[in-house]
Enquirer: 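Below you will find the structure I want to go over with you.
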Protein chains: 2
Amino acid sequence: MHQPEHLKNAGLKSTVPRLKVLSLFESGTERHMSAEDVYKLLLASGDDVGLATVYRVLTQFEQAGLLVRHYFEGGKSVFELNQGKHHDHIVCLQCGRVEEFYDAGIEARQEKIASDRGFSIRDHALHIYADCTKKQCPHKV
Amino acid sequence: MHQPEHLKNAGLKSTVPRLKVLSLFESGTERHMSAEDVYKLLLASGDDVGLATVYRVLTQFEQAGLLVRHYFEGGKSVFELNQGKHHDHIVCLQCGRVEEFYDAGIEARQEKIASDRGFSIRDHALHIYADCTKKQCPHKV
DNA sequence: ATGCAAATGATAATCGTTCTCATTTGCGAT
DNA sequence: ATCGCAAATGAGAACGATTATCATTTGCAT
């Protein structure tokens, strides 16, 4: 069990709600979760943390670099464990499933485009919205 | 004056609020505007349309293909005239300025990535968030 | 064990957006 | 022109996601 170290390293004291949220992400049950998702999953497993706390903790984890926040279409933001390596996303419009990808060529071209125009990139988001043509895509997640 | 034709072609009857919103976009004052931006600019120029109407009209124009909607970070959506040619965006984090770009190589790679994984692209959004290094970037727009 | 700053949770508040519904308007038929 | 009515509007309520408030609880250094 190394979660407390993660929190300590991030300058956050290890409290019950923070440990629960972190281990939910580390459990790998769902890689991409909204605040609502986290809240409901915790409730379902008998741990009751307040919704406000979930929001606070997610934001703190994002600032601490433990989680990455994504703004997908539809308004609500989604979080995932920060595993160091940047990647982009394909979101299935049918089932909401999120798949990750990385393409060095795309990354390189973005850098060139930005610098050609006098910008220095701080962040970027490439979201592909698509229909997955596989049959394991029946329902909304 | 050809706005009424645009509306007619889109199957929308030409009403005062719709014409005002459309000509605001066509005036080129601001290329990218949120509902709030449109509402305030119209009020400022003496035309008072209701906020609800602005939202409705923007959504209708999007559905009719007259406008394109973008979901940038920060939650609120932003609209721009649909000029047929797809492009992506660089958003300056300092001044909020939005610059457009198109890169055939990036487009092609996206297609390949998606089809390799069994997805068919319906839409995509590539947003680069950056600092523009030029001096004409003093303030928040 | 003790104290206190930091964290929590219930609730109110906020923000962008959509809905409701009574009133107004565009426009085809007269 | 003008009548009639479906469609559109506007004011305000409602809504969903998120943030702020604040009294109570908790982690943890002493």
Side-chain angles (χ1 to χ4, degrees), chain A residues 1 3-24 32-43 46-64 66-79 96 140-141, chain B residues 1 3-24 32-43 46-64 66-67 69-79 96 140:
Chain A
M1 178 173 277
Q3 287 91 340
E5 316 311 315
H6 288 172
L7 293 178
K8 189 89 33 105
N9 297 342
L12 297 168
K13 73 165 73 163
S14 74
T15 66
V16 172
R18 295 214 258 239
L19 288 171
K20 284 177 180 167
V21 171
L22 185 51
S23 61
L24 175 58
H32 301 88
M33 288 180 281
S34 67
E36 193 70 26
D37 293 337
V38 170
Y39 178 65
K40 284 189 179 147
L41 283 172
L42 290 181
L43 283 198
D47 309 304
D48 60 327
V49 291
L51 180 56
T53 301
V54 170
Y55 274 101
R56 254 183 315 235
V57 168
L58 290 175
T59 301
Q60 290 161 347
F61 284 4
E62 183 201 6
Q63 288 166 347
L66 292 173
L67 297 179
V68 180
R69 180 198 298 256
H70 300 292
Y71 300 87
F72 292 141
E73 290 185 9
K76 55 173 62 168
S77 25
V78 171
F79 298 81
K140 190 87 194 157
V141 162
Chain B
M1 180 175 276
Q3 287 92 343
E5 314 312 315
H6 288 171
L7 295 177
K8 190 86 36 100
N9 296 342
L12 297 168
K13 74 166 74 159
S14 74
T15 66
V16 172
R18 295 214 258 240
L19 288 172
K20 283 177 181 167
V21 171
L22 184 53
S23 61
L24 175 57
H32 300 87
M33 289 179 281
S34 67
E36 193 70 24
D37 293 337
V38 171
Y39 178 65
K40 286 190 179 147
L41 283 172
L42 290 182
L43 282 197
D47 308 305
D48 61 327
V49 290
L51 181 55
T53 301
V54 169
Y55 274 99
R56 254 185 316 237
V57 168
L58 289 174
T59 301
Q60 291 161 348
F61 284 4
E62 183 200 7
Q63 288 165 347
L66 293 173
L67 296 178
R69 180 197 299 254
H70 301 292
Y71 299 87
F72 292 142
E73 290 186 9
K76 57 173 61 167
S77 26
V78 171
F79 298 81
K140 190 87 192 152

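Throughout, a chain's letter reflects where its sequence line sits, starting with A, and its residues are numbered from 1.
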Enquirer: Are the side chains of A:Leu24 and A:Lys20 in touch, meaning some heavy atoms are under 4.5 Å apart?
Expert: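 In short, these two side chains do not touch, never coming nearer than 4.5 Å.
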Enquirer: Between atom NZ in B:Lys76 and atom C1' in C:dT17, what is the gap in whole Å?
Expert: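 The answer, rounded to whole Å, is 12 Å.
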Enquirer: Does B:Ser77 put a side-chain nitrogen or oxygen below 4.0 Å from OP1 or OP2 of C:dT17?
Expert: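 Checking B:Ser77 against C:dT17: at least one side-chain N or O falls below 4.0 Å of OP1 or OP2.
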Enquirer: If I compare all heavy atoms of B:Leu58 with all of B:Ala35, which pair ends up nearest, and what's the gap?
Expert: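 Smallest heavy-atom distance, with atoms named: CD1-CA, 3.6 Å.
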Enquirer: Show your working on side chain to side chain donor-acceptor pair (under 3.5 Å) between B:Arg56 and B:Thr59 and close with a plain yes or no.
Expert: CA-CA 5 Å; B:Arg56 254 185 316 237; B:Thr59 301; over 6 Å; no
Enquirer: Tell me, do B:Tyr39 and B:Val21 make a side-chain contact under 4.5 Å, heavy atoms counted?
Expert: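 They are not in contact (no side-chain heavy atoms under 4.5 Å apart), so the answer is no.
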Enquirer: Using heavy atoms to find the nearest nucleotide of DNA chain C for B:Arg69 and B:Thr15 separately, return the residue whose nucleotide is more 5′.
Expert: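 So the residue in question is B:Arg69.
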Enquirer: If you look at every heavy atom in B:Lys13 and B:Arg18, which pair is closest and at what distance?
Expert: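 That closest heavy-atom pairing would be O-NE, 3.1 Å.
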Enquirer: Roughly how many Å is it from CD in A:Glu73 to P in C:dT17, rounded to a whole number?
Expert: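 Between P of C:dT17 and CD of A:Glu73: 13 Å.
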Enquirer: Could you state the CG-C1' distance from B:Leu51 to C:dC15, rounded to the nearest angstrom?
Expert: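 Roughly 12 Å, once rounded to whole Å.
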Enquirer: Considering only heavy atoms from C-beta outward, does the side chain of B:Phe79 approach that of B:Asp37 to under 4.5 Å?
Expert: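 Sidechains of B:Asp37 and B:Phe79: no contact.
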Enquirer: What is the 5' to 3' range of DNA chain D, first to last nucleotide, that sits under 4.0 Å from any heavy atom of chain A?
Expert: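 It runs D:dA17 to D:dC28.
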Enquirer: Atom CG of B:Leu19 and atom P of C:dG26: how far apart are they, to the nearest Å?
Expert: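 Value for this atom pair: 9 Å.
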Enquirer: Do B:Leu66 and B:Leu7 come close enough that some side-chain heavy atom pair is under 4.5 Å?
Expert: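 They are in side-chain contact.
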Enquirer: For B:Tyr71, check ring-ring contact (aromatic ring centres under 6.0 Å, His included) against everything at least two apart and list the hits.
Expert: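 Counting only residues at least two positions away or on another chain, B:Tyr71 forms no ring-ring contact (aromatic ring centres under 6.0 Å, His included).
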Enquirer: How do A:Val78 and B:Pro17 order along DNA chain D: which one's closest nucleotide is nearer the 5' end?
Expert: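 The residue closer to the strand's 5' end, by nearest nucleotide, is B:Pro17.
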Enquirer: Give, ordered by number, those residues of residues 52-62 of chain B having at least one heavy-atom distance below 4.0 Å to an atom of DNA chain C; if nothing qualifies, reply none.
Expert: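 Only B:Ala52, B:Tyr55, B:Arg56 qualify.
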